[in-house]
Amino acid sequence: MVLQNDEYFAGGVSLQKIASEFGTPVYVYDAAKIPAQIHRLKNAVQPVDVNIKNACKARNDTAILKLL
């Protein structure tokens with residue numbers, strides 16, 4: 001999330017625009033940020049070979065799971 005000119009953006013999209021279009025509360029994910037954070041985590045623990053798991057009991061959005 002980035003603050004530009006007193007407005008928040010995620011993935012280059014205005015969060016105010018999303019809230020206006022879809023109402024609130026609304027979940028917003030940055031599709032580029034998720035794989036980047038996984039890569040960052042894996043690099044942080046190198047040289048250990050880790051398997052990152054996701055618990056999808058509460059949130060099992062198929063689009064997010066495909067990114068993971």
Query raised in the report: Are there more than 12 heavy atoms of other residues, nucleotides or ligands under 6.0 Å from atom CD of Gln37?
Result: yes
Query raised in the report: Is there a chain of hydrophobic side chains (I, L, V, M, F, W, Y, each step under 4.5 Å between heavy atoms) that links Val28 to Phe22?
Result: yes
Query raised in the report: Are any side-chain N or O atoms of Ser14 and backbone N or O atoms of Gln16, one a donor and one an acceptor, separated by less than 3.5 Å?
Result: yes
Query - CG (Asp49) with more than 12 external heavy atoms under 6.0 Å - result: no
Requested in this report: Specify the closest pair of heavy atoms between Asp30 and Ala10, including all atoms of both residues, with the distance to one decimal.
Outcome: OD2-C, 4.4 Å
Query raised in the report: Which residues, ordered by chain and number, are linked to Val45 in its hydrophobic cluster, where ILVMFWY side chains connect at heavy-atom gaps below 4.5 Å, directly or through other members?
Result: Tyr27, Tyr29, Ile34, Ile38, Leu41, Val48, Val50, Ile52, Ile64, Leu65, Leu67, Leu68
Query - OH (Tyr8) with more than 12 external heavy atoms under 6.0 Å - result: no
Requested in this report: Could you state whether Met1 and Phe9 fall into the same hydrophobic cluster, counting links through intermediate Ile, Leu, Val, Met, Phe, Trp or Tyr residues with side-chain heavy atoms under 4.5 angstrom apart?
Outcome: no
Query - Separation between CD of Glu21 and NZ of Lys17, rounded to the nearest 0.5 Å - result: 6.5 Å
